[in-house]
Every structure is written in C-alpha cells, then in structure tokens.
Amino acid sequence: MKPAAQALDKRSLVDFYRQMRLLRIFEERAAEQYMRGRVRGFLHLYIGEEAIAAGAISTLEPQDYIATHYRDHGHALARGLDPKVVMAELFGKVTGCSKGMGGSMHLFDASRNFMGGYAIVGGQLPLAVGLGLAASYLKENRVVLCILGDGALNEGEFHESMNLAAIWRLPVVFLCENNLYGMGSPVKEVFAAADEIYRIVEPYHIPSSQVDGMDVLAVREAMEGVVGRVRDGGGPYFLEALTYRFRGHSMADPSEYRSKEEEAFWQKRDPVAKHRQFLLANGIASEAELETIGQGVEEQVEEAIRFAEESPDPAPEALYENLYANP
Amino acid sequence: MPTITYREAVSRALREALREDERMYILGEDVGAYGGAYAVTRGFLQEFGPRRIMEAPISESAIVGTGTGSALGGLHPVIEIMTINFSLLAMDQIVNHAAKIRYMSGGQFSVPLILRTVTGGGAQLGATHSQSFEGWFASVPGLKVVVPATPYDALGLFRAVRQERDPVVFVEHILLYSTRGEVPEEPYVVPLGVADIKRPGDQFTIVAYSRMVLVALAAAEELAKRGINAEVVDLRCLRPLDIETVLQSVQRTGRALVVEEAWKTGGFGAEIASQIQERAFDSLDAPVLRVAGADVPMPYSRELERAAIPGPAAVVQAVETALGK
Ligand SMILES: Cc1ncc(C[n+]2csc(CCOP(=O)(O)OP(=O)(O)O)c2C)c(N)n1
Ligand SMILES: [Mg+2]
C-alpha cells in the first residue's frame, strides 16, 4: 500500500471514491442536459481525469488559492463548491456560482478562494503568479494551485510566468494535466519534448516531476510533498499528471482523431474503477457501502439539476450589473 | 502657484500613493535602478526598496497578468507598460482578464489594477513606437481610461484613480512629460468622468484629450486672432466619458470639431462625433468635423511625421473652412 494510503483513515480513502464518483456522475448528467439544450456553449468534460482534482485539491488548506483552466467542473466540485451552484451556472441561472455570468468555463467562488476557470489557454498562469506574489508580499501562509493543460505549455505566457515565479520564488504549484491532446492535437506532434513534459521548467530551475494522474492516491502522495515544500518557502514547483480524457474535447467534438486501441488502453485505467478496486481489495469498504455512496451521489446530482431547472434566470438589469465596482 | 512638469506631477502622484498605501507596489520594466524609461520613478527604488518597486523582465503579458492576480490577492498594483505600443503583447491579459473578471464572476472579485503607459508620437521613433491605442482600450467594457493633458490633471486624476476598485489604464503622453503647469500644494482630486473646458468660447467647440488639448488650445489662440472664438473641451477620461459637457458646449456653439492623434479610421473621435450627432443634431449648424492622425504607419522622417500628426494649423484650417473663410 502507498504511504499516502497508509497515512489516511478509512473515511478519507472512501471519500476520494465519493468525490470522484460525484465528478463522474455530475458530468454524465451535465452532458445529458447539454443534449437536451439546457446547457449551452462549450461544455468540456473532465471524465477520466477525476483522480487529479480529487487527489491534488485534497492537499490544500482553505486559505489556499486555485486558478484553473476551462475544464474546471471537477476542480470546483473537489474544492467543495456545491453541485447545485455549479449545475446552476451551467444552466446560466442567477443561483450559479458566477451568477450565470460565467458559464461552464468561468466558474468562480470567492468564499472558497476558487479564483476562476479561465478559457484563454495560458491566461491563468500569470494570474496565479500574481496571487503568489500577493501572498508573499503580505506574508500570508497561502499556496497557489495553478492548473493547466498540456496545450498551455506552448504559449509564450507560460514561459514568462515560469520565469517570474522562479525569480521571485513564489509559492505556486503548477499542476499540468497532460491528457496527451490539446483539442485534436497530440502532444507528441505539437510539443518538442513531449516524452518529458515536466522537464520543460528545468531552464528556470523550477523543480518538477511526473505522477500517474489515473491514480488518486499517487496524486495525493505527490501533491502532499509538493504542497508542503512550496508552503515551506521552497519556491514554485511543476507537477505533470499523466492522464486521458475519456470524452471529446468538448461536447461539440466527436473525437475522431484517437484510435480505439488507445482509448481502450486508457479506459482500462479508469481512475474511479481503479480506486474502487483498491478499496475492495484492501477490505477498506464493501460493495454495499460503495453502492450506497453511488446512490447518494446520484441523488445529489439529481437534486442539483432540479435546483438548476427551478432557479430563475438573471434579471434583465443584471446585464449592466457588476461591470464596475464604482460605475 | 508653483509650476511643475507633467513628469513631476506623475512622480508626485505615485510617491504620495506609495507612502499612503502599504498595499501599493510598482511593477514594470526598468522601473527600478534605471528610474523608468521616462524617468518617472527615478529615486523610487532608493526610497521604497525592491519589495515596493519591482523590476520585471520584458514580459508584458505576464506583467499585466501578475498585476491582475496580485489585485485579486489583495494588493494594489501600479503596473507600468513602458509604452502603449508594447501593450499589444499584453492585450489578452488586459482585455480578456483584467477587464472581465469582475463581470464574469458575478461581482465576486474586483481588480483594482492601475496600468500606467505612455502614448503618442512626435519623437521620431518610427512606426512601431509612435502609436495611440487609448481609444481601443476605451471601447472595452470593464476598463476605465484616463488621459490627462496637464500636470494639474495628471496629479488630480491619479488621486481619483487610486480610489478605484476597477482596472484603470492611465495614459501619459510622451511629449507632455516636460511641459509645465500650475499645481497647488494643497490636496485636490480631479474626479473621473468629468471633462474640463480648458478655454471658453461661443463659436466653435473643439474636443480633444491628452496632448491634442495643447494643439487645440494653440489653434484656438490663432483662431482668436482671426476673430473666431473657439471653446476647447478636454475629455480627461475616455471611459467613463463625460459627453454631457461636450453636448452642452455644442448647444452653445452649434459647431464641433474633434481632434485626436490616433488613426482616423475607427478612431475614438468617431465615437464622439457620432454621439454629438445622435444627441445634439438640432443644435448643429454644420457636420461634426474630425482632425486625426494620418492613416499610415508613422514615418520616421521629421517632416513626414509632422504631416502625420495633427497640429494647430490643421485645426485652424478645418475650422476656417467650415466657417467658409
Ligand atoms: C489562446 C487560446 N487559443 C486557442 C484556444 C482554443 N482552445 C481551447 S481549448 C484548446 C486546447 C487546449 O488543450 P490543453 O491545454 O491540453 O487542455 P485540455 O483541453 O486538453 O484539457 C484550444 C486550442 C483558446 N481557448 N485560447
Ligand atoms: Mg490537453
């Protein structure tokens, strides 16, 4: 058993399962709502990548910041945002976590220091640097978790941000979700050092490593070390989590550019099934217990959909609200 | 009243802000030991130290993004983009991030970011270094755009900008730094969104901002000698825009001309002209005129650069032609 597993009590280990199940079911239901035309715009599903959000975010403190990309439902839910307010945001309702003004790609929650999902590839990177700068300037005990895709590595802003984080030794963890594709572009075709992505930060003297992003306990273990080190003033860190998205880039993508063999290879490593297997094999939870958890999550998501359906649209006046603090 | 330069006014504004606001810091390229490309922050590093006066690498996008992120994290950044020409490299962070986070988050977050930059041509710096993009920024909901023309306004407007919780683009003009003007020792504030009649008149309204205010004033002097009494309205802010003061002036004079340094096509002057005709059409005795920068990349040649930037003669000529003189 991994040290991370040994250090965790039954409740925490089972909770990873509950959380990943929630992320999975939430998105499966969100996809259905998209097909029914109730969720519009781009809807980027995180299905297949749940272990990263669950494992990584479990290592943060409430005061820590998260800035992420547009594939953000999983990160928001793992941070503890109520599925109701996330679903309501997908529905564009006033009860949504961004009051219906952001949508799926732009989830925000100030009360959880969830500083936003950002839909311009790489845009969140300097914002995370700035959050780190603020924490360091104000001598606050905060770590910034900045989540990015493999596609962001190719933006100039990525390099600008690594350099700034490094020269100022800021408390930022850059967590790269390498799902092997940016839309339809395989990393190995668009990125020169695709086999060792995590080494991209070496010229900036930022320490880095790679972790199996399909294994929640591996992510948890790696992130515990990383977050501890960054919190203790070790400067920024870059962690690459290897993963795979089981669905298309967004609901609009029929995903025709990946081979069946490749998909099957990764499906076998489904993080939710894997953790379930772990719990059962080690006698940490029974089939019945996990079944009950699954049902609970289903009900929670159904309730979230009901809440979103029944919630009102933003009032017409909201069109001009919140543009300026002081108009 | 004591006279100081525009540069001194901006320096004073920054210095007093840094002294009074512990959460304020300056971040930009060469703002430290070098003292700022236009010497605005000379001596600041010695006075405030490297924590408050932060040297940045040549990374415009990350500089603005860092400023925005730090504002989300509770700081009050003053970001310096060396000149407005380089803001193009940070356009995404300014337009897609700083300007939108408040709205997209349903008002949960504010971005009290002050972005100082330098606009304008006239220093023979050629096509890449002589542009005027403040009008572009003014078309972005979520930003505020401040364009002082005098030392008095630069100091007073900056004091107002400090009170803001929203991102503000504070635009200084390269040729104004050495101009002088009266600035009282006593504290005063120039509120945002209030235009200023820099010269009263009753026969023609000339609308301008930034350095073109000085051009308009020189033109008005000349026109006065020729018996034409022009009023000069300094917008001072492009967003929020005080169109009421412009409209009231046009109602008095019946005629208007907008002068701006930016390219004419799609320029901010078109916005002003359009609003005048929409809202004061009945007061107009003639079409609203525009004098603007030539629609070309700025030439290096001294004579051609002069021809490309509006000067008093062009304004005088436009007014006289309109009056049939
Ligand atoms: C600056 C920018 N360019 C292009 C896009 C369009 N786009 C959206 S997602 C995406 C792929 C990003 O891939 P990656 O960073 O690997 O994240 P993933 O979707 O795989 O999670 C692209 C090209 C964008 N949103 N922003
Ligand atoms: Mg990817």
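Below, chain A is the first sequence line, B the second, and so on; all start at residue 1. Since the structure is predicted, the reported quantities are computational estimates derived from the model, not experimental observations. Values reported hereafter were calculated over all heavy atoms of this structure, with side chains retained and with hydrogens, waters and symmetry mates removed.
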If every non-hydrogen atom of [X] is compared with every non-hydrogen atom of [Y], which pair is closest and at what distance?
X        : Y        : answer
A:Leu323 : B:Asp166 : O-OD1, 4.4 Å
A:Leu138 : B:Gly73  : CD1-O, 3.6 Å
A:Trp168 : B:Glu55  : CZ2-O, 3.8 Å
A:Ala325 : B:Ser110 : CB-OG, 4.3 Å

Please flag which part of [X] lies under 4.5 Å from any non-hydrogen atom of chain B: side chain, backbone, both or neither.
X        : value
A:Glu321 : backbone
A:Leu170 : neither
A:Ala128 : neither
A:Asn113 : neither
A:Ile167 : side chain
A:Leu164 : side chain
A:Phe114 : backbone

- Message: I'd like to know if the side chain of A:Glu160 pairs up with that of B:Ser61 as donor and acceptor (distance under 3.5 Å, no hydrogens or angles considered).
- Response: no
What distance separates [X] [atom1] from [Y] [atom2], expressed to the nearest 0.5 Å?
X        : Y        : atom1 : atom2 : value
A:Leu127 : B:Thr66  : CG    : OG1   : 8.0 Å
B:Ser59  : A:His159 : OG    : NE2   : 11.5 Å
B:Tyr103 : A:Asn322 : OH    : CG    : 8.5 Å
B:Ser70  : A:Leu131 : OG    : CG    : 8.0 Å

- Task: Let me see the working for A:Asn326 and B:Arg165 under side chain to side chain contact (heavy atoms under 4.5 Å, CB included), right down to the final yes or no.
- Result: CA-CA 7 Å; A:Asn326 162 32; B:Arg165 301 286 303 148; 5.8 Å; no
- Taking the side chain from A:Tyr324 and the backbone from B:Gly142, do they hold a donor-acceptor pair closer than 3.5 Å?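 Yes; judged by distance alone, with no hydrogens or angles, the pair exists.
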- Query: Under the 3.5 angstrom rule, does the side chain of B:Gln108 hit a backbone N or O of A:Cys97 as a donor-acceptor pair?
  - Reply: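 Checking the backbone N and O of A:Cys97 against the side chain of B:Gln108, a donor-acceptor pair under 3.5 Å is found.
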Would you indicate whether the side-chain heavy atoms of [Y] and [X] approach each other to under 4.5 Å?
X        : Y        : value
B:Arg52  : A:Tyr137 : yes
B:Asn96  : A:Tyr118 : no
B:Met104 : A:Met101 : no

- Near B:Tyr34 OH, under 6.0 Å, is it more than 12 heavy atoms from other residues, nucleotides or ligands?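 Open: at most 12 neighbouring heavy atoms sit under 6.0 Å from OH of B:Tyr34.
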- Query: Does atom CZ of B:Arg42 have more than 12 heavy-atom neighbours, drawn from other residues, nucleotides or ligands, at distances under 6.0 Å?
  - Reply: no
- Which residues in residues 85-94 of chain B have a heavy atom less than 4.5 Å from any heavy atom of chain A? B:Asp92, B:Gln93
- Of all the residues in residues 14-25 of chain B, which have a heavy atom that comes within less than 4.5 Å of a heavy atom in chain A? B:Glu22, B:Arg23, B:Met24, B:Tyr25
Pairs of heavy atoms under 4.5 Å with chain B: top-ranked of [options]:
options                      : answer
A:Leu125, A:Leu319, A:Val144 : A:Leu319
A:Ser161, A:Gly102, A:Gly123 : A:Gly123
A:Pro327, A:Gly122, A:Ala134 : A:Ala134

- Most heavy-atom pairs under 4.5 angstrom with chain A, which of B:Ile58, B:Thr68, B:Leu75? B:Leu75
Is [X] in contact with chain A via its backbone, its side chain, both, or neither, using a 4.5 Å heavy-atom distance?
X        : answer
B:Pro141 : both
B:Gln163 : neither
B:Leu143 : backbone

- Verify side chain to side chain contact (heavy atoms under 4.5 Å, CB included) between A:Phe108 and B:Ile101, making sure each step is shown before the conclusion. CA-CA 9 Å; A:Phe108 289 87; B:Ile101 289 173; 4.1 Å; yes
